[in-house]
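All chains are named by letter (A, B, ...) in the order of the sequence lines, taking the proteins before the strands, and each is independently numbered beginning at 1. Predicted, not measured: the structure shown is a model, and the values here were computed from it.
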There are 2 protein chains.
Amino acid sequence: MARLKTHDEALRLRLLHRAAATVFDRGTAALSLRQLAADVKTSTTAVYSLFGNKAGLLRSLYEEAARLFVARLAAIRPTDDPAGDVIRLGLVYREYAIANPHLYAILFSDRSVQCPSESESERPPEAIETYRPLVDAVRRGQQAGQFSSESDPEVIALSVWGTAHGLVSLVLSGNEPPGLAVADCYERALGVLVAGWRESKGKVQGFADVP
Amino acid sequence: MARLKTHDEALRLRLLHRAAATVFDRGTAALSLRQLAADVKTSTTAVYSLFGNKAGLLRSLYEEAARLFVARLAAIRPTDDPAGDVIRLGLVYREYAIANPHLYAILFSDRSVQCPSESESERPPEAIETYRPLVDAVRRGQQAGQFSSESDPEVIALSVWGTAHGLVSLVLSGNEPPGLAVADCYERALGVLVAGWRESKGKVQGFADVP
DNA sequence: AAGCATTCGTAACGGCGTTGTAATATGATG
DNA sequence: CATCATATTACAACGCCGTTACGAATGCTT
């Protein structure tokens, strides 16, 4: 009927692998479809038949990055000390992000910045999966009496995720205060949060009147 | 000596104002030097004689964004309740960031992503100034006995900054967990942190053996 | 008035993502 | 086996982009 396909799954994987190598190593700005096609010794058409466009390729890279990150966190097996698990998850979270800054960037940078054409009605973000293990640990911690059971476990986990993501992002964006041991601060901040969520914490009162 | 200059300070301000309008409104990806020059009815040469290149223009926009953000935080006058000041700073921080997402993005997104040519040996980041008021409030809080004096005030402030920046960034990047009141979580996380730093918090022990 | 140093606008360069199109390679058909 | 039909690919062109080379415009000096 027609010529045999060379734009097949194998080529898709080769393109994806090569693109991941450059993006995870040098960032999305260093990725060019023409260069990528040349590297894999095919034409730019391949990218369009296999990924739609550059946004589609980046979306696949995003999914790959999410897979890797989630897998790394899933390697932290739950223990009988859930509060400790939360801290350990945070430390590994930071360690992996710092070790793979561009992988972390494609997961958490504003995607409208990376690729303006990408609409907001895209498939839901998978980076949020990196926060599921935290929720599980907090939930187990509540059952073990290590966290207040009056607070939504997702709220507790989100506060930890926010702190982790924030301190990691500040370092990665070059905004860490000079002369400060951010790693220590990171661990202590997590410790304060985990300890603070032991007792029930209602909504803080008296700060409604913001000037 | 030569023809009179039209690439003067006035034109510089007009370019800067116009560029700020588009970038703060639609992001750096929406900024084109050619379009910008056309809008201000000059040539692209003007940008190069006044800002060097696009990175220089973005650098000036960065400084402008930092100025605006710092000014907004400086409007929070210290009270005799420094711990409350910390919370208030955090709330205004979030409010302003959410209201001006692209302004916040140019301040805190990885600048090597925004403009690859920009070397890392550029002028030091000014976004860190947004964290100075926090340090001051914490320092006053320590003198008032609201925070442990055994911890570096910069460490306490950084933990708060990290939490604020992290939760704000998660929302701006579209990674907020669905069905969760992130604003409440934000306020409660800050409350837990501020309360947690009351007592001296040493380095958390026993988590060194990360699997 | 002529010369000249300086400044600016235009056009060109290389590269990008994307798309239209023509060549190609195959299975089906006679 | 030769031809056709068609799915599939490679290539070139389009319209952008940031950047730069260069000639034109300008006003002071002689």
Side-chain angles (χ1 to χ4, degrees), chain A residues 1-16 18-20 22-23 26-62 106 109 111-119 122, chain B residues 1-16 18-20 22-23 26-62 102 106 111-119 122:
Chain A
M1 198 91 102
R3 57 196 286 188
L4 18 55
K5 303 190 65 157
T6 61
H7 292 182
D8 54 358
E9 186 63 19
L11 180 59
R12 204 191 96 96
L13 290 179
R14 280 169 53 217
L15 282 170
L16 206 55
R18 190 70 177 84
T22 61
V23 168
R26 301 190 291 132
T28 57
L31 182 70
S32 152
L33 293 197
R34 304 166 104 110
Q35 187 64 48
L36 172 66
D39 290 346
V40 187
K41 278 165 182 58
T42 179
S43 62
T44 62
T45 313
V47 178
Y48 288 88
S49 66
L50 288 170
F51 298 95
N53 52 16
K54 185 172 185 178
L57 174 60
L58 288 181
R59 172 74 206 184
S60 293
L61 287 177
Y62 173 87
I106 202 178
S109 68
R111 294 207 296 296
S112 70
V113 168
Q114 303 268 0
C115 200
S117 62
E118 203 167 0
S119 166
E122 296 286 322
Chain B
M1 200 89 100
R3 60 196 280 189
L4 19 57
K5 302 190 66 160
T6 61
H7 293 182
D8 53 359
E9 187 64 18
L11 180 58
R12 202 191 98 97
L13 288 180
R14 281 169 53 217
L15 283 170
L16 205 56
R18 189 71 177 83
T22 63
V23 167
R26 301 190 291 132
T28 58
L31 182 70
S32 152
L33 294 196
R34 303 166 103 109
Q35 189 63 49
L36 172 66
D39 289 346
V40 187
K41 280 168 181 54
T42 178
S43 63
T44 63
T45 313
V47 178
Y48 289 88
S49 66
L50 288 170
F51 298 95
N53 53 14
K54 185 172 185 177
L57 174 60
L58 287 181
R59 173 74 206 184
S60 293
L61 287 177
Y62 173 87
H102 294 111
I106 202 179
R111 292 206 298 292
S112 71
V113 167
Q114 303 268 1
C115 200
S117 62
E118 202 168 1
S119 166
E122 296 286 322

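- No contact: A:Ser49 has no heavy atom under 4.0 Å from any strand.
- The CG-C1' distance, from B:Leu11 to C:dT7, rounds to 13 Å in whole Å.
- The salt bridge (charged side-chain N to carboxylate O under 4.0 Å, His left out) check on B:Asp8 picks up nothing, with sequence neighbours excluded.
- In this entry the distance linking CG of B:Asp8 with P of C:dT6 reads 19 Å, nearest Å.
- If you measure from atom CG of A:Leu50 to atom P of C:dG17, you get 16 Å, rounded to the nearest angstrom.
- OP1 or OP2 of C:dG9 has at least one side-chain nitrogen or oxygen of B:His7 nearer than 4.0 Å.
- Toward the 5' end of DNA chain D, the nearer of the two residues B:Gly52 and B:Leu4, judged by each one's closest nucleotide, is B:Gly52.
- The minimum heavy-atom distance linking A:Leu57 with A:Phe51 is given by the pair N-CB, 3.7 Å.
- Atom P of nucleotide C:dC16 and atom CG of A:Leu36 are separated by 11 Å, given to the nearest angstrom.
- Panel note: side chain B:Arg18, backbone B:Val40; no donor-acceptor pair is recorded below 3.5 Å.
- In this structure, A:His7 and A:Ser49 approach most closely via the heavy-atom pair ND1-OG, 2.9 Å.
- The shortest non-hydrogen separation linking A:Leu36 to A:Ala19 is CD1-N, 3.7 Å.
- In this structure, CG of B:Leu57 is placed 10 Å from P of D:dG18, rounded to the nearest angstrom.
- Out of D:dT8, C:dT7, C:dT18, the shortest distance to the side chain of A:Lys5 is found at D:dT8.
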List every contact pair, protein side and nucleotides 21-25 of chain D side both N or O, where the distance is under 3.5 Å.
unit_1: D:dA25; atom_1: N3; unit_2: B:Arg3; atom_2: NH1; d: 3.4

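- B:Arg12 has its CZ atom 18 Å from the P atom of C:dT7, to the nearest Å.
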Listed pairs, N/O of protein and of nucleotides 13-17 of chain D, under 3.5 Å:
unit_1: D:dC17; atom_1: OP1; unit_2: B:Ser32; atom_2: OG; d: 3.0

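- Between A:Ser43 and D:dC11, a side-chain N or O to OP1/OP2 separation shorter than 4.0 Å is absent.
- Looking at every heavy atom in both residues, A:Leu33 comes nearest to A:Tyr48 through CD1-OH, 3.6 Å.
- In this structure a side-chain-to-backbone donor-acceptor pair under 3.5 Å is present from A:Lys54 to A:Leu31.
- Closest heavy-atom contact between A:Ser60 and A:Leu16: CB-CD1, 3.6 Å.
- Using modelled atom types, no side-chain atom of A:Ser109 and backbone atom of A:Ile106 make a donor-acceptor pair closer than 3.5 Å.
- The side chain of A:Tyr48 approaches C:dG17 more closely than any other nucleotide in the set C:dA25, D:dT9, C:dG17.
- Counting non-hydrogen atoms under 4.0 angstrom, B:Thr44 reaches a base of the nucleic acid.
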